[in-house]
Each structure stands twice: as structure tokens, then as C-alpha cells.
Amino acid sequence: MGKFKSDFLQVLDERGFIHQISDPEALDELARKGPITGYIGFDATAPSLHAGSLLPIMMLYWMQQTGHRPITLMGGGTTKVGDPSGKDESRKLLTEEQIAANLEGIRQVFSKFLKFGDGPTDAVMMNNAEWLDNLNYIAFLRDYGRHFTINRMLTFESVKLRLEREQPLTFLEFNYMILQAYDFLELYRRMNCVLQMGGSDQWGNIVNGMELIRRVEGGQAFALTSPLLTTASGAKMGKSVGGAIWLNPDMLSPYEYWQYWRNTEDADVGRFLRLFTTLPLDEIARLEKLEGAEINEAKKILANETTAMLHGREAAEKAAETARKTFEEGRLGEALPSVDVPRAELEEGLGLLRAMVLAGLAKSNGEARRAVKSGAVRVNDEKVSDERLVLTSAHLNDEGVIKLSFGKKRHALIRPA
């Protein structure tokens, strides 16, 4: 017998999603009886979510797979305020137009993981601007502000950390936790939503919402948080040397996404297979026991499965084939990231450092220069030591492109346009 009776909590527990639950027995019993509704909030601070958001997305995925109704709450309203949790500085305030454009970009990812519709377990997408934009400030403070004490709010980790580091915490951000609590209350009233999930840094915010529901409606709601995820070497999930690992294909190609997972550290393979794929647990147990060169096979399976979930099986297979051609056969794969350069510019000459920045292999000329000096840069698989090298049409290979490489695993093609 497992720790939980409901499929929902059992799956989350076995796969490593649970950090804390407010009342595990009561939530387990409720989930065992029939469909419950739960939500996770996503703020629209960028036009795409990144790999750091995959963990909450997978929690909603498993919620639906085990017979419950997930809500993805878009933070059209709260994005205007900014969540202080885990941050040292205020979030940049965005315009209404920027937020709307970001929400549009974010929406497309959820339909890859969740089935939306009107059925009892179909996912629902909502936007908290629907209720937050119309709040009357005085009425809101009178009705809900009295349920929050400054004394208690000062004990929250997100507030304490900011104050200890003597970083300013604006009144706008201080309000964020009240608005998030109010979101939970609104969803409880509108959708009978009894569960809010999020990362462990959200615990205080979620508990606030639970208590508001109890005080205002006399209802019981629940909090469930997941562990904050870092890689075995301590790096934040969803970031790489080249920047954020975006989930939208127009911001990061399926091939680069596949490569990110293929480059997982050995110690993370089993954990990531459990969290980010739907492979059976016994298969994962077999894969994580592999050692030495064999662990690379497990990494390829991880890369294939995660890429297939987001971009489709065909894109995953194409990425795997490109990687095989590039690394194992030394040939060029079609799906390598490429950048078009006007043919006239190539005739005149394109500086190597600028080419690396254009191709996304370096963020600046300085970074590209350091890479060349360290011997990590190759042009058409030949090591380059001269940072002043100028690429011209003479560098085009038999396939009519120039292949740039930074280290063993990052490649891009320069194509004359």
C-alpha cells in the first residue's frame, strides 16, 4: 500500500512532486471520492514560459490524467504588480499591451499538455484580470484587508529575505500576497476550486488564500507545494549558458530544446525522467541504474520524451537524428539552428565574433573573444585561434553553409541569403 489512497497524490508522490501538503489526509480522501478542481498561477512576464515552468505544468498534467480538473490561471492582473518571492529587486512593470502579447504567447504551450473543454475533468484557462481589474480599492481593503496582519506578513520568507538584505520592498509588491489570496477565494467561489499548487516559495501565499476562504466562506481549501528545483550542480532549472530554455518554438528551436535535456547531468537523469516524462516508473528505475557511457542512452530518451511532449514526436525524432549526424557522423543535420546573412555581407566579410553573436553562440563580442582564446571555437570543424578572422563566401562548405561550433555541443549554421 502506498502512502496515499488517491491516484492523484500517489502519482505526485512517487514521481517526486510533493514538498508540503496542508492537510494530506483530508485532501487524499477528497481526491479519492471524485474530481476535485485545483489551480496554478502563471504570470505573464515574458512572451513564453521557460523550462522552469515545466514542473507546475506537469503537476496540472497529472492532475488531469488522474481524473481531476486543472485550472491554468493567467496572471493578467497580478503581472501588473510583481511577485516578490525569491527576488531581490522589483519586477519591471509592463504595459497592458505587453501583458496581452505575453499571455497570447504563453497560452499555446498549455494545449500541448492539457485537454481544454467543458467536461468535468477538462482543463480551464482563466485570467485574474477578470476580477482584479474591477476591484474598488476601498471596498476591497474593507472586505479583505482586515483578514491580513502586517505582523504575519512580515514573517513570510519572501518578505524577510528582502528586508534582511536591506533591499527595498514596495507597497505594490507587498500587496501581491493579498491579491494572490483573493485569486484563490474567487476561484473557490466561481469554480469550486479547493486546491492551489505551486513551488515551495509560494507556501505562505497559498496558505493566505486558504485562510481567507475559511474566514470569508467557511470553506476548506488545500495547499500543495513542490520542491524548488535546481540541477545537481546547483544551477537554476530552465537556464543554460546561452540563456533561458524557452518553451515556444519561435524563441528556442526544438533541436536546442532537445540538446538542453541531452546535456542533463548524470545525477539528475532519474529525477528528471520522473518529473518531466510520462515513462513508467519501472522503466525509469532501469534507466537510472545505467552507468558510464550507457547513461548517455538514458539522456537521449529523456531528451526524446521531453521534446515529444512539447513539440511533438516528429520534431523530437528529427532533433535526435540531427544530433546523431552532427556528433556521431560529423555531418551536418538540417535542424541545426541557422542564421541567414545577406550574401553581399558575406562577400564583404563577416567578423567571426559578430557571426558568433548573430548565431546565438555568444551573448557579446567579449564572450566570443574569450571563447576563441580558450580554443573552444571551430569553423567547419576546424579549430580557430584568431579572433580577428573574417568569414567570407570562401568559407562556405560543400553544403553551401558555414558551420560554427562553440565547444562540443553547441553548433549553428551561417547561410547566405
Side-chain angles (χ1 to χ4, degrees), residues 16 46-58 61 105-106 108-110 112-113 199 226 228-279 284 287-288 290 295-328 333-339 356 359-363 367 371 376 404-413:
S48 167
L49 297 173
H50 60 67
S53 301
L54 272 182
L55 193 124
I57 292 172
M58 290 302 291
Y61 169 85
I106 287 168
Q108 53 186 284
V109 166
F110 290 104
K112 312 273 181 70
F113 294 85
S226 58
L228 278 186
L229 204 57
T230 53
T231 64
S233 61
K236 200 171 177 187
M237 193 65 205
K239 297 281 195 312
S240 77
V241 184
I245 302 303
W246 300 109
L247 302 186
N248 288 13
D250 58 335
M251 291 180 69
L252 190 82
S253 71
Y255 172 76
E256 289 167 294
Y257 188 75
W258 189 93
Q259 273 299 330
Y260 171 73
W261 295 103
R262 168 64 183 82
N263 293 338
T264 294
E265 296 172 48
D266 293 6
D268 287 326
V269 173
R271 186 166 57 123
F272 286 3
L273 282 165
R274 274 189 288 277
L275 292 172
F276 301 117
T277 79
T278 59
L279 288 177
I284 293 172
L287 290 169
E288 70 180 328
L290 299 174
I295 194 79
N296 288 330
E297 292 312 308
K299 290 180 187 182
K300 285 176 195 169
I301 290 169
L302 171 65
N304 288 344
E305 294 302 312
T306 49
T307 307
M309 279 196 89
L310 180 64
H311 296 297
R313 184 64 63 186
E314 194 182 324
E317 285 169 2
K318 195 173 171 187
E321 180 59 14
T322 295
R324 193 179 67 75
K325 284 180 177 174
T326 308
F327 304 124
E328 292 168 24
E334 308 163 11
L336 276 182
S338 66
V339 60
M356 287 188 67
L361 295 178
K363 285 184 180 161
E367 187 185 332
L404 290 183
S405 306
F406 180 178
K408 289 183 182 170
K409 293 177 179 168
R410 296 180 62 205
H411 308 272
L413 307 177

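Since the structure is predicted, the reported quantities are computational estimates derived from the model, not experimental observations.
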Do you know the tightest heavy-atom contact between [X] and [Y]?
{"X": "Ala315", "Y": "Pro254", "value": "CB-CB, 4.2 Å"}
{"X": "Leu361", "Y": "Phe406", "value": "O-CD1, 3.1 Å"}
{"X": "Leu275", "Y": "Gly16", "value": "CD2-O, 3.7 Å"}
{"X": "Lys299", "Y": "Asp266", "value": "NZ-OD1, 2.6 Å"}
{"X": "Arg271", "Y": "Ala232", "value": "NH2-N, 4.2 Å"}
{"X": "Ala412", "Y": "Ala359", "value": "CB-CB, 3.7 Å"}

Quick one: does [X]'s side chain have a donor or acceptor within less than 3.5 Å of a partner on [Y]'s backbone?
{"X": "Asn248", "Y": "Pro47", "answer": "yes"}
{"X": "Glu367", "Y": "Lys363", "answer": "yes"}
{"X": "Glu265", "Y": "Thr231", "answer": "no"}
{"X": "Thr264", "Y": "Val269", "answer": "no"}
{"X": "Thr306", "Y": "Ala303", "answer": "yes"}
{"X": "Arg410", "Y": "Gly360", "answer": "yes"}

Looking at [atom1] of [X] and [atom2] of [Y], how far apart are the two atoms once the value is rounded to the nearest 0.5 Å?
{"X": "Tyr255", "Y": "His411", "atom1": "OH", "atom2": "NE2", "value": "5.5 Å"}
{"X": "Ser53", "Y": "Ile106", "atom1": "OG", "atom2": "CD1", "value": "8.0 Å"}
{"X": "Gln259", "Y": "Thr307", "atom1": "CD", "atom2": "OG1", "value": "9.5 Å"}
{"X": "Asn304", "Y": "Arg262", "atom1": "CG", "atom2": "CZ", "value": "10.5 Å"}
{"X": "Met58", "Y": "Thr278", "atom1": "CE", "atom2": "OG1", "value": "6.5 Å"}
{"X": "Asn263", "Y": "Asn296", "atom1": "CG", "atom2": "CG", "value": "9.5 Å"}

message = Does Leu279 form a side-chain contact (heavy atoms from CB on, under 4.5 Å) with Glu305? I'd like the steps, not just the answer.
response = CA-CA 8 Å; Leu279 288 177; Glu305 294 302 312; 4.1 Å; yes
ask   = Would you say Leu54 and Leu310 make side-chain contact, with heavy atoms under 4.5 Å?
value = no
inquiry  = Within the 4.5 Å heavy-atom criterion, are Ile284 and Thr277 side-chain neighbours or not?
reply    = yes
inquiry  = Run the salt bridge (Lys or Arg N to Asp or Glu O under 4.0 Å) test on Arg324 and Glu321 for me, step by step, so that the C-alpha distance in whole Å, both residues' side-chain angles and the decisive distance to 0.1 Å come before the verdict.
reply    = CA-CA 5 Å; Arg324 193 179 67 75; Glu321 180 59 14; 2.8 Å; yes
ask   = Which word best sums up how the rings of Trp261 and Phe276 line up, parallel for under 30°, tilted for 30 to 60°, or perpendicular for over 60°?
value = tilted
key: Residue that, paired with Trp258, satisfies side-chain contact (heavy atoms from CB on, under 4.5 Å) out of Lys318, Lys300, Glu317   = Lys300
